[in-house]
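As structure tokens, the structure follows; a few thoughts come after it.
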Amino acid sequence: MKITLREMVLVAMLSAMAFAAKVVLSPITNVELVSLLLCVFTVVLGFRQGLLIAIIFTSITVLESAYYGPGDWIVMYYINWPLLSTLTRLLLSNDSSELKAATLLGLFGLLFDASGVAIKLLLFGPVYAYSYLISGIPFSIAHGLANFIIALFLFNPLCKILREAKQQFLSCSPKNH
């Protein structure tokens, strides 16, 4: 299936929006909107576009490593964000309740570092991996709780706004001037 120019522009804009949301909230540890946005994008736009946005967002974030420095987090991001789009596709639909979305995103936030632990286990061994896991428990709890609360209040309103914007954006025709 071909992607139209309008769809490409939409995917690019939403990828940039997710990155901007990440940057704006980066001073607040483990409070983020990226999970919610990727979930909403996947529900409203479909799996293909949601996955594309997740991959493009991750790639933009990886480019940021030129400033912050690369690390094993890059592999974790390429696992986690596309995984969220996949889980969203499998578990949520257009009529999903905010409680169902909040539960998914809360668990996703709580378990976000699981792939990091697996990577650290492979690269650095069990002592480092388990110390990473244990030291990250308070951050994982905060991440899961923040995701849950944010999704509880914003999932359905954001889905509604994106549905309306999508209709206007994809259906409008160029004006003759």
Side-chain angles (χ1 to χ4, degrees), residues 1-4 7-22 25 30-65 71-123 129 133 136 139-152 154-163 165-166 170:
M1 176 182 248
K2 288 185 177 183
I3 187 166
T4 67
E7 289 172 317
M8 281 190 257
V9 169
L10 184 62
V11 166
M13 287 184 342
L14 296 177
S15 300
M17 179 193 298
F19 181 75
K22 178 187 101 52
L25 288 177
N30 285 357
V31 174
E32 47 91 7
L33 292 175
V34 174
S35 298
L36 174 64
L37 291 173
L38 292 178
C39 184
V40 167
F41 298 160
T42 302
V43 166
V44 175
L45 302 175
F47 178 65
R48 187 173 127 213
Q49 282 84 0
L51 186 62
L52 276 172
I53 293 167
I55 292 168
I56 292 168
F57 160 77
T58 301
S59 299
I60 295 168
T61 302
V62 168
L63 290 175
E64 189 182 32
S65 70
D72 57 349
W73 63 269
I74 292 172
V75 177
M76 185 172 79
Y77 269 36
Y78 274 112
I79 292 169
N80 287 356
W81 297 123
L83 176 63
L84 177 58
S85 292
T86 303
L87 291 172
T88 298
R89 168 66 178 94
L90 294 172
L91 301 173
L92 299 179
S93 63
N94 271 321
D95 60 350
S96 290
S97 70
E98 49 278 296
L99 182 59
K100 191 172 181 181
T103 301
L104 170 63
L105 291 174
L107 289 170
F108 180 78
L110 184 65
L111 300 172
F112 189 84
D113 280 338
S115 62
V117 170
I119 293 163
K120 286 170 184 13
L121 184 62
L122 289 170
L123 294 177
L133 174 67
F139 297 100
S140 295
I141 291 170
H143 192 184
L145 189 58
N147 272 8
F148 182 85
I149 292 168
I150 290 168
L152 201 55
L154 294 179
F155 176 74
N156 281 338
L158 287 177
C159 283
K160 182 180 179 201
I161 290 167
L162 184 59
R163 275 188 206 100
K166 173 187 168 191
L170 295 178

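Residue numbers run from 1 in the order of the sequence given. None of these values were measured; they are calculated from a predicted model.
A donor-acceptor contact shorter than 3.5 Å links the side chain of Arg163 to the backbone of Asn94. In terms of modelled atom types and a separation under 3.5 Å, the side chain of Ser85 and the main chain of Gly50 share a donor-acceptor contact.
Using a 4.5 Å heavy-atom threshold, the side chains of Thr103 and Phe148 count as touching. Counting heavy atoms from C-beta outward, Asp113 and Leu133 have side chains that stay 4.5 Å or more apart. Side-chain contact between Leu162 and Val43 is absent, with no heavy-atom pair separated by less than 4.5 Å. For the pair Thr88/Leu38, no side-chain contact is recorded, criterion being any heavy-atom separation below 4.5 Å from C-beta on. Put simply, the side chain of Ile56 does not reach to within 4.5 Å of the side chain of Phe19, judged on heavy atoms. Between Ser65 and Ile74, some side-chain heavy-atom pair lies under the 4.5 Å cut-off. In this structure, Tyr78 and Val62 have side chains that are in contact, with non-hydrogen atoms separated by less than 4.5 Å. Contact annotation: the side chain of Leu25 approaches that of Leu33 to within less than 4.5 Å [non-hydrogen atoms, C-beta and beyond].
Each of Leu45, Leu37, Val9, Leu52 was compared with Leu14 under the side-chain contact (heavy atoms from CB on, under 4.5 Å) criterion, and only Leu45 meets it.
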Intermediate values then yes/no, side chain to side chain contact (heavy atoms under 4.5 Å, CB included), Leu92 and Cys39: CA-CA 9 Å; Leu92 299 179; Cys39 184; 3.3 Å; yes
Check the pair Val31, Ile150 against side chain to side chain contact (heavy atoms under 4.5 Å, CB included), reporting the backbone distance first and the verdict last. CA-CA 9 Å; Val31 174; Ile150 290 168; 4.0 Å; yes
Side chain to side chain contact (heavy atoms under 4.5 Å, CB included) between Thr86 and Phe47, intermediate numbers included: CA-CA 7 Å; Thr86 303; Phe47 178 65; 3.7 Å; yes
Begin with the C-alpha distance, continue with both residues' side-chain angles, and end with the deciding distance and a verdict on side chain to side chain contact (heavy atoms under 4.5 Å, CB included) for Val34 and Thr61. CA-CA 12 Å; Val34 174; Thr61 302; over 6 Å; no
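Between Glu32 and Asn147, the shortest heavy-atom distance links the atoms OE2-OD1, 3.1 Å.
Between Trp81 and Phe57, the ring-plane angle classifies as perpendicular under the 30° and 60° cut-offs.
To the nearest 0.5 Å, the span separating CG on Leu83 from CZ on Phe112 amounts to 10.0 Å. The CD1 atom of Ile79 sits 14.0 Å away from atom CG of Leu84, with the distance rounded to the nearest 0.5 Å. Atom NZ of Lys120 sits about 3.0 Å away from atom CG of Asp72, to the nearest 0.5 Å. To the nearest 0.5 Å, atom CG of residue Leu154 and atom CD1 of residue Ile161 are 9.0 Å apart. Atoms OH and NZ, on Tyr77 and Lys22 in that order, are 5.5 Å from each other to the nearest 0.5 Å. Going from atom OG of Ser15 over to atom CG of Leu10 covers 9.0 Å, rounded to the nearest 0.5 Å.
The local environment of CZ in Arg48 is crowded, with over 12 non-hydrogen atoms from other residues, nucleotides or ligands closer than 6.0 Å.
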